[in-house]
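Comments concern the structure below.
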Amino acid sequence: MAGLRKLLEEVGRLLTYAGVGQPKVSLAKDARFGDVTSSDAFDLAKKTGKKPIEVAKELVERMDLSRTVYVERVEVAGAGYINFHARWPRLAVDILTEACEKGRSYGETSMGGGQYVLVEHTSVNPNKALHIGHARNVCLGDSLARLLKKNGYRVAVANYIDDSGVQMAELLLAFKHLGYSMEPPSGEKFDEYCGRVYTEVSKRIEADPQLENMRRQLAAQLEDPYSETSQLNRLVVERVLMEQLRTCWRLGARYDVLNKESDILFFDLWSEVFKRLREMGLLYVAEDGPKKGCWLFDLSSHPKLSKEGDEVVVKSDGSTTYVARDFGYAAWKLGLLDKDFRYKLLAKNPDGSPVYITDRGGAETHKYGNASFTINVVDVRQKRPQEIVRYALEKLGADPSRYIHYAYEVVSLSKADAEKLNLNIGERGFVHMSGRGGIYVNVDPLLNYVKQKAAEGARQRHPDWSDNRVSDVAEKIAVAAIRYFLIRADPDKMIVFDSEEASDIEGDTGPYIQYAYARATRILEKADSQPNPHNPPPTLDTKEISLIKEIGILPLVYEEAARNLSVKRIATYLRELAFIFNDFYENCPVLSAEENVKVFRLALVEAFRSAVSSAAEAAGIPLVEEM
RNA sequence: GGGCCCGUGGCGCAGAAUGGAUAGCGCACCGGCCUUCUAAGUCGGGGGUCGUGGGUUCAAGUCCCACCGGGCCCGCCA
């Protein structure tokens with residue numbers, strides 16, 4: 001077990017023996033307040049009517065420090081705080097030894113206990129390229145999956161492929177009837193080309209009712225899986241999908257399974273849900289009104305949605321709505337159904353693992369459903385439909401807390417970026433992105449832009465580097481910059497995307513973390529002694545202690561982040577860790593220190609590398625040995 | 001009309017499920033630090049009534065209420 005946790009437990013024991021029922025201990029936010037601090041005296045003072053400072057003194061008097069391992073001394077401070085100071089050399093040995101030994105897996109916990117979790121993210125309509133808003137989804141989802149793995153969960157990653165909507169019909173209209181070629185102009189990716197075509201066709205449809213009619217016919221043909229239109233659609237979908245996957249892989253994401261919406265119907269996941277909800281009297285046909293002839297899902301006893309009316313699940317023409325398909329799909333995720341998909345192998349992730357896709361003729365079966373819980377990374381605008389699905393699952397007898405909608409706010413474009421697209425947005429400082437409206441910044445061009453910036457810097461610093469090496473490092477810097485930018489923000493806050501801000505590689509950015517790691521790597525490269533954490537100098541520098549403490553905190557950070565599903569927490573940890581390392585780097589020379597200090601500091605640097613590697617892996621931020 | 005979310009120095013953010021000791025950081029601005037482990041770094045300076053008003057508490061950026069400002073959702077679209 002990690003050193004800091006042992007310290008916290010020891011403090012807890014001391015307080016318990018002194019008479020505190022439920023000790024409230026936390027790591028001190030400032031070294032002036034010791035290492036671990038308690039405000040229990042305030043609570044006790046309230047109950048007994050004494051002064052907090054008197055209570056604190058009494059508690060401390062009752063503590064026996066003669067047999068502690070990690071606690072060196074205790075003091076009462078301020079109005080009644082109890083501050084504990086650690087026996088640092090001892091604690092340092094524990095923390096550094098563990099970190100050095102475990103390397104990139106340092107800090108991992110077993111809180112998940114092997115539970116199986118299905119994380120779904122990306123889920124971009126397969127008719128366009130990923131824009132920066134989709135990238136937020138990918139980075140959050142991928143980091144969540146990574147974080148859960150760090151905490152001992154078994155994780156599979158799904159990507160929902162909505163291959164049966166109007167948006168596909170619109171694209172097919174262009175290819176079948178409007179003379180658009182299926183081959184993009186040279187140099188343009190197929191998915192970006194399709195996105196452009198989609199925007200153009202949408203505009204034409206708006207102005208031409210006849211085209212709208214044609215689109216409707218195509219959409220109807222998509223309902224029949226054996227129609228010629230459906231076959232063409234499958235071709236387009238898979239081709240766009242492969243291009244999208246390349247972008248996602250570039251960002252560091254990976255997938256286990258791609259579930260196509262059309263296959264939810266084909267494999268009949270919906271009918272059983274329909275039957276059961278109907279038997280429970282929660283589905284009924286509207287006899288009159290604007291929704292006459294539709295099957296509606298009863299929301300009248302829902303605490304909040306009851307005021308908004310019931311939800312259509314089957315349209316009057318007999319086709320299902322998006323929400324209905326999601327009912328079936330969600331029930332499958334939680335193992336409420338006997339039916340399952342069949343798959344075929346689609347591709348390999350960069351790590352070599354297989355990516356399966358649902359396929360009506362597929363030979364493969366895999367158990368991806370029946371998760372302990374499932375997380376859907378979907379933007380906040382879908383809160384209502386997601387809540388309806390959750391509610392339906394509850395009615396079907398599932399524990400609704402197993403169905404988690406991980407909602408995040410959208411990414412919009414700054415005024416400056418809107419103007420680059422020749423948009424006049426007036427008074428407002430931002431504009432919402434829209435694939436249909438052609439208002440977006442795509443991920444690949446953005447990555448290329450940041451990469452180019454990073455490459456310039458690398459070439460200046462290392463004139464001897466080959467083009468390949470420059471490109472390789474610049475790519476990783478670009479990915480780190482974009483991922484960190486998207487992850488560090490609170491998911492509840494809208495990101496107003498600005499190219500210049502997002503492409504920054506100085507200050508509070510991903511490359512800042514990479515830089516600290518590269519510096520550490522360099523020290524170890526140049527060292528002529530072996531790191532040794534076992535014989536710390538009798539007194540440690542405050543910069544050393546800060547760094548050791550921050551390294552020691554990682555397991556606690558992982559648990560906290562997993563408990564709150566907060567990938568932001570990992571980003572802020574990385575930033576803080578790198579900041580503290582830089583402080584150490586500036587103030588504590590390693591290579592020029594006396595031998596006994598040197599080997600200990602080398603171990604500290606090594607331990608730092610373990611902690612950064614581990615946390616960077618959890619956040620999906622690539623590292624470079626030299627930059 | 002009903003519901004959800006946001007509001008911290010000029011700008012962008014952090015303040016960690018459980019309220020605690022002088023509110024942190026980046027950008028921008030001014031001024032230092034490269035014959036010493038990469039200056040993509042670092043140190044110092046100016047700049048904040050944490051939207052407003054109440055309340056709870058020994059203690060509120062953090063909890064409660066109201067209001068103001070901004071965003072989103074309430075389709076036989078997905």
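Below, chains carry the letters A, B, ... as their sequence lines are ordered, and counting in each starts from 1.
For the C1' atoms, the distance linking U42(B) with G26(B) amounts to 14 Å, nearest Å. Annotation: C50(B) and C63(B) have their C1' atoms spaced 16 Å apart (nearest Å). When the P atom is compared between A59(B) and G47(B), the two are found 30 Å apart, to the nearest whole Å. A distance of about 16 Å separates the P atoms of A60(B) and U52(B), rounded to the whole Å. Remark: the separation of the P atoms in U49(B) and C5(B) is 28 Å, to the nearest Å. Remark: the separation of the P atoms in C64(B) and G71(B) is 24 Å, to the nearest Å. Separation of the C1' atoms belonging to G24(B) and G15(B) is 7 Å when rounded to the nearest angstrom. Separation of the P atoms belonging to A40(B) and C27(B) is 13 Å when rounded to the nearest angstrom.
With the nearest nucleotide of RNA chain B identified for both Y160(A) and S26(A), S26(A) has the one nearer the 5' end.
Using the Watson-Crick or G-U wobble rule with both distances under 3.5 Å, A66(B) pairs with U52(B). Under the Watson-Crick or G-U wobble criterion, with both distances below 3.5 Å, G1(B) is paired with C74(B). Base-pair partner of C37(B): not found among the strands shown (Watson-Crick or G-U wobble, both distances under 3.5 Å). Pairing for G26(B) goes to C11(B), judged as Watson-Crick or G-U wobble with the two contacts each under 3.5 Å. The partner of A59(B) is absent, by the rule that a Watson-Crick or G-U pair needs both atom distances under 3.5 Å.
Judged as a side chain to side chain donor-acceptor pair (under 3.5 Å), and not counting sequence neighbours, the contacts of D40(A) are S38(A). Residues satisfying the ring-ring contact (aromatic ring centres under 6.0 Å, His included) criterion with H405(A), sequence neighbours excluded, are absent altogether. With sequence neighbours excluded, the residues that form a side chain to side chain donor-acceptor pair (under 3.5 Å) with Y484(A) are D508(A). In this view, K203(A) and T199(A) satisfy the side-chain contact (heavy atoms from CB on, under 4.5 Å) rule, not counting sequence neighbours. Legend: residues meeting side chain to side chain donor-acceptor pair (under 3.5 Å) with T509(A), ordered by chain and number and at least two apart, are absent. Residues forming a ring-ring contact (aromatic ring centres under 6.0 Å, His included) with Y408(A) (at least two apart in sequence, or on another chain): none.
Nucleic acid contact class of D528(A) (heavy atoms, under 4.0 Å, all strands): none. The residue T37(A) sits close to a base: some heavy atom pair falls under 4.0 Å.
Of the side-chain N and O atoms in K493(A), none sit less than 4.0 angstrom from OP1 or OP2 of G12(B).
The interatomic distance linking L574(A) (CG) with C25(B) (C1') rounds to 15 Å, in whole Å. Here the C1' atom of nucleotide C27(B) and the OH atom of Y484(A) are 13 Å apart, to the nearest Å. Distance, Q22(A) CD to U18(B) C1': 11 Å, rounded to whole Å. Regarding L556(A), its CG atom lies at a distance of 18 Å from the P atom of U18(B), rounded to whole Å. For E501(A) and C13(B), the CD to P distance is 7 Å, given to the nearest whole Å. Remark: P of A14(B) and CG of D492(A) are 10 Å apart, rounded to the nearest angstrom. If you measure from atom CG of D490(A) to atom P of G12(B), you get 15 Å, rounded to the nearest angstrom. Atom pair L15(A):CG and U18(B):P shows a separation of 21 Å (rounding to whole Å applied).
Considering all non-hydrogen atoms of both residues, L222(A) and A169(A) come closest at CD1-N, 4.1 Å.
Between the side chain of S39(A) and the base of A59(B) there is no donor-acceptor pair of N/O atoms closer than 3.5 Å. One N or O donor and one acceptor, one from the side chain of N83(A) and one from the base of A21(B), sit under 3.5 Å apart.
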>> For a quick check, with a 4.0 angstrom heavy-atom cut-off, what is the B/S/- contact string for nucleotides 60-77 of chain B, read 5' to 3'?
In response: -----------SSSS-BS

>> For nucleotides 33-42 of chain B, give me one character per nucleotide, 5' to 3': B if any protein heavy atom sits under 4.0 Å from the base, S if the only such contacts are to the sugar-phosphate, - if neither.
In response: ----BBSBSS

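Look at R469(A) and D464(A) and you find no salt bridge, because none of the NZ, NE, NH1 or NH2 atoms lies under 4.0 Å from a carboxylate O. Between E594(A) and R601(A) there is no salt bridge, since none of the side-chain N atoms of the basic residue sits less than 4.0 Å from a carboxylate O of the acidic one. A salt bridge links R436(A) with E170(A): at least one charged nitrogen is closer than 4.0 Å to a carboxylate oxygen.
The 12-atom threshold is not exceeded at CD of Q530(A), counting heavy atoms of other residues, nucleotides or ligands nearer than 6.0 Å.
Both geometric conditions, a ring-centre gap below 5.5 Å and a plane tilt below 30°, are not fulfilled together for F42(A) over the base of A59(B).
In this structure C11(B) sits in the anti conformation; its chi angle is more than 90° from 0.
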Below 3.5 Å, can you tabulate the donor-acceptor pairs from side chains in residues 379-386 of chain A to any protein atom, sequence neighbours excluded?
| residue | atom | partner | partner atom | Å |
| --- | --- | --- | --- | --- |
| D379(A) | OD1 | R381(A) | N | 2.8 |
| D379(A) | OD1 | R381(A) | NE | 3.1 |
| D379(A) | OD2 | R381(A) | NH2 | 2.9 |
| Q382(A) | OE1 | Y322(A) | OH | 3.1 |
| R384(A) | NH1 | E308(A) | OE1 | 2.4 |
| R384(A) | NH2 | E311(A) | OE1 | 2.5 |
| Q386(A) | OE1 | Y403(A) | OH | 3.2 |

